[in-house]
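Per chain, numbering begins at 1; letters A, B, ... match sequence-line order.
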Amino acid sequence: MMSFATTGTTPIGVAAAAAPARRVADVIIPLALDTAYSYAVPAGMELLPGAQVRVPFGPRREAIGVVWGLRAGDPGNLKQVIEPAGGPVFSDNLRSFLDWVARWTLAPRGSVLAMALKRPDEERGEVIRVGIRLAGPPPKRMTPARSRVIAAAEGGLLHGKSDLARAAGVSAGVIDGLVDEGTLETCVMPPENLFPPPDPDHAVTQLGPAQEAAARNLREAVAAHDAGAFLLEGVTGSGKTEVYFEAVAETLRAGRQSLILVPEIALTAQFLDRFAQRFGVRPAVWHSGVTGRKREKLYAGLASGEVRVVAGARSALFLPYADLGLIVVDEEHEAAYKQEDGVHYHARDMAVVRGRIDGCPVVLASATPTIETRVNAAQERYRHLILPERYGGRTLPAITAVDLRGAKAGGKSDDKPEGDGWISPPLAAAIEETMARGEQALIFLNRRGYAPLTLCRACGHRYECPNCSAWLVDHRFRRALVCHHCGHVARRPSACEACGTVDALAACGPGVERIAEEVATRFPGKRAITLSSDFPGGTERMRRELADIAAGKCDIVIGTQLVAKGHNFPGMTLVGVIDADIGLSSGDPRAAERTFQLLQQVTGRAGRGEKAGRALVQTYQPEHPVIAALISGDAERFYAQETENRRLAGLPPFGRLASLIISSRHREQAEAHARALARAAHAMDLRDPRLTLLGPAEAPIILIRGRYRYRLLLKSAREFDLQSFIRDWLAGAPKPRGDIRVQVDIDPQSFF
DNA sequence: AGCACGCCGACT
DNA sequence: GTCGGCGTGCTC
């Protein structure tokens with residue numbers, strides 16, 4: 001059944017000839033396996049290192065893997081490579097990069113390879129596209145629809161059938177009729193060129209002096225194949241995009257490829273059109289939603305080098321480029337660059353590594369760079385390019401705090417919201433004024449649902465998630481209680497589940513739905529819309545609503561962090577923040593920085609258009625460094641303080657944070673193993689103070705996709721090799737029994 | 001990730 | 001007796 005009988009033995013007829021090279025291929029299979037498996041290379045088979053091969057795997061399976069190395073050696077009774085599998089050859093650079101990522105993330109090499117092997121499912125034949133062109137005399141009976149079609153088909157050019165029908169405003173039936181009459185004829189259209197080459201000199205932009213200086217630096221780095229990272233920092237509207245477009249242009253002139261990494265939500269038509277204005281065509285786009293034939297063609301086009309510029313989400317970083325000459329990471333600070341399932345990696349950092357390995361510059365662009373990137377720039381690991389000015393002298397919105405503490409803390413008591421409302425009198429007045437001027441207002445509250453806590457008025461029972469003991473959030477619109485950690489959904493009961501009292505559920509605290517209710521009663525007749533990630537009707541409907549808002553068809557927008565990024569609302573002149581303190585006490589080491597950036601982004605939504613904007617920020621902690629920095633606009637000082645805090649706490653970028661994720665299908669097992677590891681880590685703290693166990697010993701266990709997960713947080717001094725420590729530790733720790741898995745996330749971005 | 005092997009409860 | 005549930009471990 002297997003080929004053991006013949007492997008290692010030369011077929012009789014060839015035996016007398018010179019001994020054939022005995023070659024062994026070490027192959028990585030794109031499964032969660034770290035080891036390379038060795039296969040005999042049959043005599044006469046041409047194989048290069050990095051080639052894709054079909055190999056037997058297990059008793060009755062085949063797999064497509066990548067040759068990680070070729071060596072001379074005794075094939076013994078190894079199985080044989082079945083055949084080369086076509087597709088791009090993975091270059092030495094790419095394999096080194098994938099190895100590096102696997103080592104860094106402690107992920108199996110096969111899992112990392114799988115991210116680069118987005119293999120087309122099947123080689124499918126070219127679809128024949130039917131074209132239509134004008135061929136004969138006008139039809140005997142002319143109708144208005146028919147004349148429109150003929151007018152649209154004028155000039156003898158080829159038209160796609162559906163395109164032509166759309167252009168003429170008729171159905172395909174009219175065209176079929178004209179084909180039958182002989183006026184039109186069908187023919188085979190040449191395959192569509194999906195990726196027309198961008199033209200570096202299509203529409204050269206006039207740059208300001210600071211932009212020009214930055215662009216010159218980037219052009220030189222591209223031309224010199226200078227493998228280094230740049231931080232390109234500039235406030236919104238300072239022209240960062242134009243500057244890195246110049247680096248893309250230079251890469252195009254050199255005939256090499258550019259990768260522009262963009263957070264997936266920012267891959268909008270707006271961004272692509274901006275590229276098209278500069279380069280004549282839209283860039284190729286890669287993200288999880290690009291599927292089927294388009295994905296296959298793009299994959300092949302990148303590997304052949306034919307596709308010159310790709311704009312992609314983080315997964316685009318792992319593709320087999322033929323000749324990568326530039327990587328741009330736009331909006332470097334975006335948390336979307338962190339992959340938190342499967343292989344845990346941060347695309348921004350991996351981009352810098354790929355640039356090193358491939359020998360090309362990496363540009364990190366942001367208006368609000370993260371602390372780690374700022375420090376890398378300050379320590380001159382990254383070169384720092386600054387665009388200090390906003391285009392056209394437009395000003396940033398004026399931000400004021402609304403002190404909610406009331407009289408006892410010295411604030412003005414009349415600033416507190418009345419009764420059971422959440423909108424304070426100053427904010428309400430500001431909304432009134434904005435409405436009176438016919439402008440738009442945005443009310444921001446980063447909390448989905450109606451109320452974050454539900455309890456029974458009769459017995460005080462709190463509704464908690466049965467899986468992870470987090471509070472269940474009241475979603476009145478969906479008539480459900482929802483766990484925001486694990487997604488558990490329960491019907492909203494009418495009687496208390498503890499004491500049975502009917503209609504005694506009390507909602508505590510505000511969520512966006514509750515604010516929407518308050519807006520509806522306080523501003524009757526105003527058109528209001530609530531935007532959050534559980535918006536009913538999906539992305540398509542959301543997109544339409546956003547377009548309506550931009551067109552001014554809405555007076556008041558109530559939203560979660562969804563409204564903070566990406567979308568531009570030109571008519572928005574007021575932003576009200578209901579609770580700026582959310583997130584400040586979350587225990588997340590990045591809480592302050594995160595909150596600051598979020599509030600900066602959302603208040604920055606005011607006054608993007610013609611008219612100046614302002615923002616009112618409701619808070620119980622007006623003196624908190626985050627709020628104070630936001631009000632004063634002194635971001636630099638805030639970052640300096642926050643950097644110092646991190647240094648004192650030994651957190652990134654001055655140390656490393658890692659979380660061990662322990663997961664099992666059985667809650668008790670996950671708990672027991674996590675406790676054992678925590679004890680081991682604690683013992684390690686005492687022996688080696690460079691490594692510390694952080695966070696609450698009793699972290700919640702949460703259920704994600706059928707597995708209970710526990711997160712153990714560690715920090716270590718920068719020079720301490722956390723990865724090798726964890727590897728050794730896992731090797732020495734009592735073997736996890738059962739279905740327990742341990743994963744590692746270096747520099748995790750979020751903590752519950 | 002599959003797929004086989006194996007160890008327990010339910011059935012012709 | 002053996003069919004099949006899924007828990008466990010291996011794949012050059």
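Counting non-hydrogen atoms under 4.0 angstrom, A:Pro56 reaches the backbone sugars and phosphates but no base. Residue contacts shown for A:Leu33 include a base, since a base heavy atom lies under 4.0 Å away. In this structure, A:Phe57 reaches the bases: a heavy-atom distance under 4.0 Å links it to at least one base atom across the strands shown.
Listed nucleotides B:dC3, C:dT11, B:dA1 differ in distance to A:Leu31; the shortest reach to its side chain belongs to B:dA1. Nearest to the side-chain atoms of A:Lys79 among the listed nucleotides B:dG2, B:dA4, C:dC12 stands C:dC12. With distances taken from any side-chain atom of A:Ala32 to the nucleotides B:dA4, B:dA1, C:dC12, the minimum falls on B:dA1.
With rounding to whole Å, A:Leu113 atom CG is found 14 Å from B:dA1 atom P. Distance, A:Asp74 CG to C:dC12 C1': 14 Å, rounded to whole Å. The CZ atom of A:Arg54 sits 22 Å away from the P atom of C:dT11 (whole-angstrom rounding). If you measure from atom CZ of A:Arg23 to atom P of C:dC12, you get 20 Å, rounded to the nearest angstrom.
Side-chain contact between A:Leu326 and A:Pro361 is present, with heavy atoms from C-beta onward closer than 4.5 Å.
Between A:His475 and A:His484, the ring planes lie perpendicular to each other; the angle is over 60°, past the 30° to 60° tilted range.
A:Met350 CE to A:Ile357 CD1: the interatomic distance, rounded to the nearest 0.5 Å, is 10.0 Å.
The two residues A:Ile28 and A:Asp34 make their nearest non-hydrogen contact at CD1-O, 4.1 Å.
For B:dC3, neither phosphate oxygen OP1 nor OP2 lies less than 4.0 angstrom from any side-chain nitrogen or oxygen of A:Arg60.
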